[in-house]
2 protein chains.
Amino acid sequence: MGTVLTIISGVSTPWTDHARERLVSSGHRAGGARERVVALLSEQRCCLSAQDIHARLDREIGLASVYRALDTLTRLQLVSRVDVEGTACYEPAGPGGDHHHHAICGDCGRLDPFEDPELERLIDRAGERLGYALRAHDLVLHGRCPECARVHSP
Amino acid sequence: MGTVLTIISGVSTPWTDHARERLVSSGHRAGGARERVVALLSEQRCCLSAQDIHARLDREIGLASVYRALDTLTRLQLVSRVDVEGTACYEPAGPGGDHHHHAICGDCGRLDPFEDPELERLIDRAGERLGYALRAHDLVLHGRCPECARVHSP
DNA sequence: ATAGTTGCAAAACCTTTGCAGTTAA
DNA sequence: TTAACTGCAAAGGTTTTGCAACTAT
């Protein structure tokens, strides 16, 4: 039963709880692989790619299962997908999952998450203006981070 | 010489001119393949993937050359790259190239470009706050377009 | 002559899919 | 028992790279 899995994974947060509920209520069954993906995602401060997740789980679960879990979670809007440098990255979304955007340093590859409520508001308004029923959005800034700027132009 | 190529391609806009200048001034030589990519890009109202470009040029130039041209142009900040549904799309950027964002309909795949000066301002401010020297940014909205909304929930 | 450009084919990635076995409910 | 879940291996896409020939300067 779900409780057992919760204990096994050792992770329970508002987001994992919400995710597990929604999975069950949409006809999904508890499964070890997906549960580990959920648990891992809930512990991240920022997004991970499928390959990242596979590696951090010590390759104990199949890569295909990671992709399938992410696909399911994305469809249920439990995680949001961000395209970073040609690869898809995922992070918790919806209730309990904090929403933010990303800035990537083109020099060192560093990825900084950031929040901006005003930006959110403006994005929603843009969606309305276009007549779109928005499900998600992602914003990625590209540039040079403070560290690299210090080194290259002192 | 450059003039000849300009005549051959038959395309001259503020953006193509700027691009050709910048290419030369950064040590690049005129080449048929890249010139055709530049000419094609300048005629688009929205972004194209490398494969799109290859197809629209009737496969007369190698796919690898398209990728290489796009890579060069991106590095010189003459085109901006947007990740759309797992594939990279490119469009003119910088002087003469108009900047906009994209909304994608998850149902029909339609892609709507849109502009929003206020959003630009806010994004720039976010960059400053993070201490980033911004080179580019891309925002993609995901949702259901007005057309699809009409059909599915009348 | 030098160094950038190109096309082709091969390789490297990321992601999806088919299938057979396993497992939750 | 049924339908979901999983791992593996194969397949499908996109993008990159090695290499030899070509060409603008």
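Since the model is a prediction, treat every value here as computed from it, not as a measurement. To find a chain, count down the sequence lines: A is the first, B the second, and so on, and within it residues start at 1.
- Legend: salt bridge (Lys or Arg N to Asp or Glu O under 4.0 Å) pairs involving residues 59-69 of chain A, not counting sequence neighbours, sorted by first then second residue: Arg36(A)-Glu60(A).
- Partner Glu120(B) forms a side-chain hydrogen bond (donor to acceptor under 3.5 Å, both in side chains) with one of His100(B), Arg125(B), His137(B) and no other, that one being His137(B).
- Listed by chain and number, the residues in a salt bridge (charged side-chain N to carboxylate O under 4.0 Å, His left out) with Asp138(B) amount to none (sequence neighbours excluded).
- Note: CZ (Arg34(A)) to C1' (dA3(D)) measures 13 Å, nearest angstrom.
- Relative ring orientation between Phe114(A) and His101(A) is described as tilted, the plane-to-plane angle lying within the 30° to 60° band.
- Atom C1' of nucleotide dA4(D) and atom CG of Leu73(A) are separated by 15 Å, given to the nearest angstrom.
- For the pair Arg59(A) and Thr72(A), nearest-nucleotide mapping onto DNA chain D gives the more 5' position to Thr72(A).
- Look at CG on Leu70(A): it is 15 Å from C1' on dT6(D), rounded to the nearest Å.
- Remark: Arg45(A) CZ to Glu91(A) CD distance equals 10.5 Å, nearest 0.5 Å.
- In the helix from dA1(C)-dT25(D) to dA25(C)-dT1(D), the terminal helix axes, each the rotation mapping four pairs' C1' atoms onto the next four within five end pairs, subtend 40°, rounded to 10°.
- Contact annotation: Ser65(A) side-chain N/O to dG7(D) OP1/OP2 distance is under 4.0 Å.
- Listed by chain and number, the residues in a ring-ring contact (aromatic ring centres under 6.0 Å, His included) with His142(A) amount to none (sequence neighbours excluded).
- Nucleotide dA9(C) holds its P atom 12 Å from the NE2 atom of His54(B), rounded to whole Å.
- Annotation for Leu78(A): hydrophobic cluster partners, listed by chain and number, are Trp15(A), Leu23(A), Val37(A), Val38(A), Leu40(A), Leu41(A), Leu48(A), Ile53(A), Leu57(A), Ile61(A), Val66(A), Leu70(A), Leu73(A), Leu76(A), Val79(A), Tyr90(A) (ILVMFWY side-chain heavy atoms under 4.5 Å, direct or chained).
- Straight-line distance from the CZ atom of Arg75(A) to the P atom of dC5(D): 11 Å, rounded to whole Å.
- Between the P atom of dC5(D) and the CZ atom of Arg20(A) lies a distance of 15 Å, rounded to the nearest Å.
- The side-chain heavy atoms of Pro113(B) and Asp98(B), taken from C-beta on, include no pair separated by under 4.5 Å.
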How would you summarise protein contacts on nucleotides 11-23 of chain D per nucleotide, using B for base, S for sugar-phosphate only and - for none, with heavy-atom distances below 4.0 Å? ---SBBBB-----
Could you go step by step and tell me if Arg135(A) and Asp107(B) meet the salt bridge (Lys or Arg N to Asp or Glu O under 4.0 Å) rule? CA-CA 12 Å; Arg135(A) 277 199 272 267; Asp107(B) 292 13; 3.2 Å; yes
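- Spacing between atom CG of Leu23(B) and atom P of dT6(C) amounts to 10 Å, rounded to whole angstrom units.
- Note: CD (Glu85(A)) to C1' (dT15(C)) measures 18 Å, nearest angstrom.
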